[in-house]
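See below for the structure under consideration.
Letters A, B, ... are given to chains in the order of the sequence lines, protein chains preceding strands, and every chain is numbered from 1. The figures here come from the full heavy-atom set of this structure, side chains too, leaving out hydrogens, waters and symmetry mates.
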Number of protein chains: 4
Amino acid sequence: MKPRDENKINEIYKATLNLVKASGLAGITMQMVAKEAGIATGTLYIYFKNKEALINALFDVCIRSSASTFFSNYDPAQPFKIGFHTIWLNIVHRRVTHFNESIFIEQCFHSPFIDEESKVRLRKIFEPLLHLIERGKKEHLIKDIDTTWLLSLMVGAINEIAKRTMYYHIKLTSEILEANFQLCWDGIKA
Amino acid sequence: MKPRDENKINEIYKATLNLVKASGLAGITMQMVAKEAGIATGTLYIYFKNKEALINALFDVCIRSSASTFFSNYDPAQPFKIGFHTIWLNIVHRRVTHFNESIFIEQCFHSPFIDEESKVRLRKIFEPLLHLIERGKKEHLIKDIDTTWLLSLMVGAINEIAKRTMYYHIKLTSEILEANFQLCWDGIKA
Amino acid sequence: MKPRDENKINEIYKATLNLVKASGLAGITMQMVAKEAGIATGTLYIYFKNKEALINALFDVCIRSSASTFFSNYDPAQPFKIGFHTIWLNIVHRRVTHFNESIFIEQCFHSPFIDEESKVRLRKIFEPLLHLIERGKKEHLIKDIDTTWLLSLMVGAINEIAKRTMYYHIKLTSEILEANFQLCWDGIKA
Amino acid sequence: MKPRDENKINEIYKATLNLVKASGLAGITMQMVAKEAGIATGTLYIYFKNKEALINALFDVCIRSSASTFFSNYDPAQPFKIGFHTIWLNIVHRRVTHFNESIFIEQCFHSPFIDEESKVRLRKIFEPLLHLIERGKKEHLIKDIDTTWLLSLMVGAINEIAKRTMYYHIKLTSEILEANFQLCWDGIKA
DNA sequence: TATGAATGAGATTTCATTCAT
DNA sequence: CATGAATGAAATCTCATTCAT
């Protein structure tokens, strides 16, 4: 008996992300995914019931692993700005090193595959950041406006930074990173 | 192959945008577009050579009409901040009132339909803004860092503002708008 | 506009019946049906949502048209034996002239396509015959045993007569028919 | 390619018959058969070259074991009616206790799996009954019409009796059996 | 020009069969 | 022998495009 290769699932995920980056959700077929993953088309269906299941499972994995990196090294006990800086850097780093994933999530958000529930789950992963921002407001370190707009500035800018970094093949030095963080910080600080 | 009935073409565009918002580029078929536009499938092909041509033409139209609104009421002769504020507001307004269009452009960017040339054209529409920002840097009004990052903050935040506004059905009052502008301005100002 | 060809549905039905007779429900594919009907595979799906829908619709049609012929020229006002003879002949005639149909119904009965409801509907078409037999029992013309067994003899024998007629290419003369009716009649008569 | 484990082969046969009864020849897959038989898919191919071989082998087994039961306790030396009654009962009994088998044979008869030769073999198993009926005709005990029609009445009715018994979950008492035999006998007797 | 039925290539999915363990 | 994952050919089904009306 050949044991069910758990690693194969990762190959499939990787293949899907690559292909979606290259030509969007609209541009992938199960054959392409299989070929890119180095397996037969039928094998795909051993691991995923159908295309929708594959996309959904991958979406879930992306959310989960994103979430875990966003808050790595983040300690709520630290001063606000330290924590905020850590998370800011983590998200930028994730977006850039997993650019595929970012594109995939963005594409999924307007697709026939992802249900409302998954979208809600995506929003939930930012909750610790939300709490941190609330704290920052309480400590009068950042502006007292609705958190959603503070997040808009932060997350929106990060997404755009990642895109430009990737599209224009920019090397993100720590100077650039810090300059960008400064932009964000100056925007939100009280 | 592209006759007069300009009105019908607009119906087709509108239908496409609606459907792409609802289920993404991956989720639309020519039949769906025709039905949504209230015409027969065959009629679609009187106005557009094929699906790719429709998507590309619409992409072009979106870019063009976006561009025209982005800089309406903008007068390069005015003081920097006035001009910047005008454009900022214009873009936010466009993104929110033409949310469909934003989603469509975003989806197209990673799709098998849009060629490199069109992507370049999309970037070009921001050129007047680019020049303005360069001017702002010269006038020492805004930070002296690479323009791309200043744009990241502005454009990224605006995109996110629009999404949150639409997803959470927020009514954008002028207070909210000004607060958001302030965030952006504080971020980029020298 | 090309109007939806109602006749095409009949071609599809005919093709399906022919193929099922030749190689059973297990032996048909949608491609085969399309080819036999002289249309493209995709066209099949204009008229029927999927394979199951085609089989079910055809099953229904078979039941309905069978039922209508079984009782043609049957007048409940006539003497029992006349009526019984009419129906007997009608069923034999139908089974032989529409042998495809008989095979199809038989195959469908044990298939993944037909639901319980349709099976019940099939049984219902014999109801007028059931009533006639009840009457025969009341008139003491036929044996007073459960109607189901009287029907078994009649219907079972007819099915077998049709099969043998078709398999052995027998020409059913009126002598043969009457001899067979006599067998049945002698069996059930009081 | 057909080793000893006779017991496993029987499990496979049993599984196939059960599944065919439940959803017809059109509804079974090798995976389903394996699962139902409690073995792995690959194991199926140790015992049978392929699907066709399995179906054919089972068809053969069904024919053989049917044949052996049809004439058990039948002694050609006995009076005609005794012999006929014995065989009639045997067939009814077999059809009811091995209903799966009956369905399977019926389904196979119109399928891409069974060749003409096997069909002939199926017909051959009734030969002793055929001879008995010829004898009955010579002894002027039954009607002098073509044997095929006398068989039609007998076999057709039996098939139908079995179906109704199984579909309606009827308990076949000896009264019911004898009543049914009487129907058949009255039909064919001279 | 407008229609929508028809087409058939191609996408999704299934499944008989093979094969590595 | 036994397993069940892997395969890929073939089945089901979809959809961009054409065409008869």
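Protein atom CG of D:Asn7 is 15 Å distant from nucleotide atom C1' of F:dC1, rounded to whole Å. The distance between atom CG of D:Asn50 and atom C1' of E:dT17, rounded to the nearest whole Å, is 9 Å. Note: NZ (A:Lys49) to P (E:dT13) measures 8 Å, nearest angstrom. Rounding to whole angstrom units, CZ of residue B:Phe113 and C1' of F:dA16 are separated by 10 Å. In this structure, OH of A:Tyr47 is placed 17 Å from C1' of E:dT14, rounded to the nearest angstrom. Spacing between atom CG of A:Leu54 and atom P of E:dA11 amounts to 16 Å, rounded to whole angstrom units.
If you take CD1 on A:Ile28 and CZ on A:Phe104, they are separated by 7.5 Å, rounding to the nearest 0.5 Å. We find the OG1-CE distance between C:Thr43 and C:Met30 to be 11.0 Å, quoted to the nearest 0.5 Å.
Here the side chain of A:Ala40 is nearest to one of F:dC13, E:dA16, F:dT7, namely F:dT7. If you check E:dA2, E:dA16, E:dA5 against the side chain of D:Gln31, the one that comes closest is E:dA16. Closest to the side chain of A:Lys8, out of F:dG4, F:dA6, E:dT13, is F:dA6. Ranking E:dA5, E:dT17, F:dT12 by closeness to the D:Lys51 side chain, first place goes to E:dT17.
Residue pairs meeting the ring-ring contact (aromatic ring centres under 6.0 Å, His included) criterion with at least one member in residues 16-42 of chain B: none, sequence neighbours excluded.
At the phosphate of E:dT17, OP1 or OP2 sits under 4.0 Å from a side-chain N or O atom of D:Tyr45.
Between B:Met30 and C:Ile28, the residue whose closest nucleotide on DNA chain F is further toward the 5' end is C:Ile28. Each of A:Glu52 and C:Gly42 was matched to the nucleotide of DNA chain E holding its nearest heavy atom; the match closer to the 5' end belongs to C:Gly42. For the pair A:Thr29 and B:Thr43, nearest-nucleotide mapping onto DNA chain E gives the more 5' position to B:Thr43.
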Quiz item: For A:Ile9 and A:Phe48, what are the C-alpha separation, side-chain angles and deciding distance, and is it a side chain to side chain contact (heavy atoms under 4.5 Å, CB included)?
Solution: CA-CA 9 Å; A:Ile9 289 186; A:Phe48 300 97; 4.0 Å; yes

Quiz prompt | Test side chain to side chain contact (heavy atoms under 4.5 Å, CB included) applied to C:Phe109 and D:Ile103, step by step | solution = CA-CA 10 Å; C:Phe109 218 76; D:Ile103 300 303; over 6 Å; no

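A:Thr41 comes within 4.0 angstrom of a base, heavy atoms only. At a threshold of 4.0 angstrom between heavy atoms, the contacts of A:Leu44 with the nucleic acid are absent.
Taking the six-membered ring where the residue is Trp, A:Phe99 and A:Tyr167 present perpendicular rings, their angle passing 60° and hence far from 30°.
In DNA chain F, stems built from 3 or more consecutive Watson-Crick or G-U wobble pairs, each with both distances under 3.5 Å, span E:2-21 with F:2-21.
A salt bridge links B:Glu11 with B:Lys14: the distance from a Lys NZ or Arg NE/NH1/NH2 to an Asp or Glu carboxylate oxygen falls below 4.0 Å.
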